[in-house]
There are 2 protein chains.
Amino acid sequence: MSTIVSITGATPRAAVDRDDAPVERMVGNWLLASLSPDDFGLLAPHLEPVSFAVGDFITRAGDPIESICFLEQGIAGVLDSLDDDRRYAVGLVGAEGFIGWPLVMGDDRSPYDVTMRAERGQALRMPAEALLAAVDQSPTLRLTLLRFAHVFMVQMGRTVVSSLAHSIERRMARWILLYHDRVQADEICMTHEEFRLMLGVRRSSVTDALHRLEEEHAIRAVRAKVLVHDRTKLMALAGDTYGQPEQDYVRLLQMDRRR
Amino acid sequence: MSTIVSITGATPRAAVDRDDAPVERMVGNWLLASLSPDDFGLLAPHLEPVSFAVGDFITRAGDPIESICFLEQGIAGVLDSLDDDRRYAVGLVGAEGFIGWPLVMGDDRSPYDVTMRAERGQALRMPAEALLAAVDQSPTLRLTLLRFAHVFMVQMGRTVVSSLAHSIERRMARWILLYHDRVQADEICMTHEEFRLMLGVRRSSVTDALHRLEEEHAIRAVRAKVLVHDRTKLMALAGDTYGQPEQDYVRLLQMDRRR
DNA sequence: AGGACTTTGCACGGTTCCGTACAGCAACGT
DNA sequence: ACGTTGCTGTACGGAACCGTGCAAAGTCCT
């Protein structure tokens, strides 16, 4: 399992913590922070700060994408919904990415609901047309945005495999890790009911799985919160559905920051 | 369910059947066929025909992408593998798309195994560098390729939802439809063992599910084959995890062909 | 025709997970 | 203090699905 441990060392959060270039101090979004001054300059005039509350919709499935969001704080769930009311999480986006990638891929509508999952979400938003214009001007900017979409896609593939092959306990460990990677704290604020949506299971199965993770001392579960206690143990539990997309993210989007 | 029936009418296969422009006679790949003469001209000099046998690898997970393939005949399974030997299908690609899209998204390695699932697979292949050069020259070509990747991604999202929410029988109906869309016949050559991989279930569960689909007269299952008998019934069984990505495909990639 | 091999049908007990229901407990307002 | 609301723990029977093993049936080769 030495490969997995090495991923921890190169995890996106660590890379950002270590970073101290001036631009990257100013913006909390890692993608924006990784842009060249020129590329950032293309976007900067159009960026405006916005904030979200828990449950706020950032985009709605089927709606035209009018703006894209670079999250700086908080974490968003990407949900695919069936015709009935049930919705299932297909991914998470935090400060490591942006919301609205279908635009860069040639679609003007969002296939997903994207909702804020954290208490105070903050983002930099810009109009769709401005982004498309910027992307047409700068191949490197386009590359960065496309690479994020690609990593997200790889992530989704692992979600498929995970839901086909793994028990609820393992899948839960994976989602906790994905969440943990994207918030800047060991405290994950999420009720069992919210976990239920991500995993597509019934609420009490979440309770049971959390208990088992707690027995293994990987986490501590308190009311409406999960405290990450032992990341290494979580990774061992999650197995091989966690790790590879994270490596891809570092390889494709933080090549110059790996020291 | 009238919306679903209307999708059938606008299904990619139908659009191609109706088509009779000269270029589109010559190439069996729908993406290539939909390109403008100029865009097609950028690719044509580099395209060389190749053929594949069942089980042949078109790309291997982790390997550099040296060429991309536009399938003309046959159908390929996109597989994500765990560290052990188990592999699970995350999608299918036939003549409606191409293999190697990570290249266009800024990655030079394939995250997936892609293997030929049909008896005689035929494709037009071109070197990675040539494709990248062509894409840099033509924004519209890039758009087409990205849009395919996007629809494939939406497809994957539905696969997640389907595996979380639906019974084996429903998921099976969905995969049969996806397969049926991509081959030009009502005869699907696939053993229960191969279905097993796509669905991530045990082989005898496939047998049972096929029997239930057969009881409803949606299909007929014979040795190593499934005969699609009633597409409408399959769509009703598959429910809402089938249909929307197919509509997106038509909307984004065949806008000018819908009559 | 006979044998080897692949594919399919079926059955067994065991496990995971579901749907549902209800009770205990924490947080919060008044 | 009190009730209200939201979150969590637990229990029950039942359904879906698993792993396994084996027999029947189809296909192919010689």
Side-chain angles (χ1 to χ4, degrees), chain A residues 53-55 82 84-86 88 117-119 160-176 187-215 219-227 237 239 241, chain B residues 53-55 82 84-86 88 117-119 160-176 187-216 219-227 237-239 241:
Chain A
V54 192
L82 295 176
D84 54 20
D85 49 347
R86 289 177 299 171
Y88 299 87
R117 297 318 321 151
E119 228 25 87
V160 172
V161 174
S162 156
S163 58
L164 289 178
H166 286 342
S167 68
I168 295 184
E169 184 180 350
R170 288 168 89 81
R171 280 151 58 201
M172 177 93 77
R174 177 171 178 266
W175 279 111
I176 291 174
E187 204 179 75
I188 293 178
C189 296
M190 187 144 44
T191 66
H192 297 189
E193 181 64 25
E194 291 177 279
F195 271 117
R196 195 188 73 79
L197 282 181
M198 305 213 305
L199 294 162
V201 300
R202 94 208 142 118
R203 205 260 312 145
S204 37
S205 293
V206 173
T207 309
D208 293 346
L210 282 178
H211 285 173
R212 267 170 279 151
L213 293 180
E214 216 169 0
E215 277 167 27
I219 58 161
R220 243 173 60 72
V222 298
R223 188 189 171 79
K225 259 177 214 168
V226 169
L227 308 174
L237 286 164
T241 50
Chain B
V54 192
L82 295 176
D84 54 21
D85 51 347
R86 287 177 300 172
Y88 300 88
R117 298 316 322 150
E119 226 29 81
V160 173
V161 174
S162 156
S163 59
L164 289 178
H166 286 343
S167 68
I168 294 182
E169 184 180 350
R170 287 167 89 80
R171 281 153 55 202
M172 176 94 76
R174 177 170 177 267
W175 279 111
I176 291 175
E187 204 179 74
I188 293 178
C189 295
M190 188 144 44
T191 65
H192 296 189
E193 182 64 24
E194 292 177 279
F195 271 118
R196 194 188 75 79
L197 282 180
M198 305 214 306
L199 294 161
V201 300
R202 93 206 144 118
R203 206 259 313 147
S204 38
S205 294
V206 172
T207 309
D208 293 347
L210 282 178
H211 285 174
R212 267 170 278 150
L213 292 180
E214 215 169 2
E215 277 167 27
E216 318 225 26
I219 60 162
R220 243 172 60 73
V222 298
R223 187 189 173 80
K225 262 178 212 168
V226 168
L227 307 174
L237 286 165
T241 50

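Protein chains get the first letters and strands the later ones, always in sequence-line order, with residue 1 at the start of each.
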Donor-acceptor check, side chain of B/Arg196 to backbone of B/Val206, threshold 3.5 angstrom: yes or no? no

Rounded to whole Å, CD of A/Glu215 lies from C1' of D/dG9 at a distance of 13 Å

Output the rounded distance in Å from NE2 (B/His166) to C1' (D/dC17). 17 Å

Any donor and acceptor pair, going by atom type alone, linking the side chain of A/Arg171 with main-chain N or O of A/Leu199 inside 3.5 Å? yes

When rounded to whole Å, the CZ to C1' distance for the pair A/Phe195 and D/dG9 reads 16 Å

So, does B/Arg220 use its side chain to make a donor-acceptor pair with the main chain of B/Val226 at under 3.5 Å? no

Checking D/dT10, C/dA11, C/dC18 against the side chain of A/His211 (C-beta onward), the nearest is D/dT10

At under 4.0 Å, does any side-chain N or O of A/Ser204 touch on OP1 or OP2 of D/dT8? no

5'-most by nearest nucleotide on DNA chain C - A/Arg223 or A/Ile168: A/Ile168

What integer distance in Å separates A/Arg196:CZ from D/dG6:C1'? 15 Å

Testing C/dT7, D/dG9, D/dC17 for proximity to the side chain of B/Ser167, the answer is D/dC17

Atom-to-atom span, NZ of A/Lys225 to C1' of C/dA27 - whole angstrom: 12 Å

Measure distances between side-chain N and O atoms of A/Arg203 and base N and O atoms of C/dG19, and say whether any donor-acceptor pair falls under 3.5 Å. no

Whole-Å distance, B/Glu194 CD to C/dT7 P, equals 8 Å

Strictly below 4.0 Å, N to O, side chains only: are A/Lys225 and A/Glu187 in salt-bridge contact? yes

Whole-Å gap separating P (C/dC17) and CG (A/Asp208): 10 Å

Is the shortest side-chain N to carboxylate O distance from B/Glu169 to B/Arg212 below 4.0 Å? yes

Toward the 5' end of DNA chain D, which comes first, A/Val222 or A/Arg202, by nearest nucleotide? A/Val222

Length of the CG-P vector between A/Leu210 and D/dT10, whole Å: 13 Å

Which nucleotide in the set C/dG9, D/dT8, D/dT10 lies at the smallest distance from any side-chain heavy atom of B/His192? C/dG9

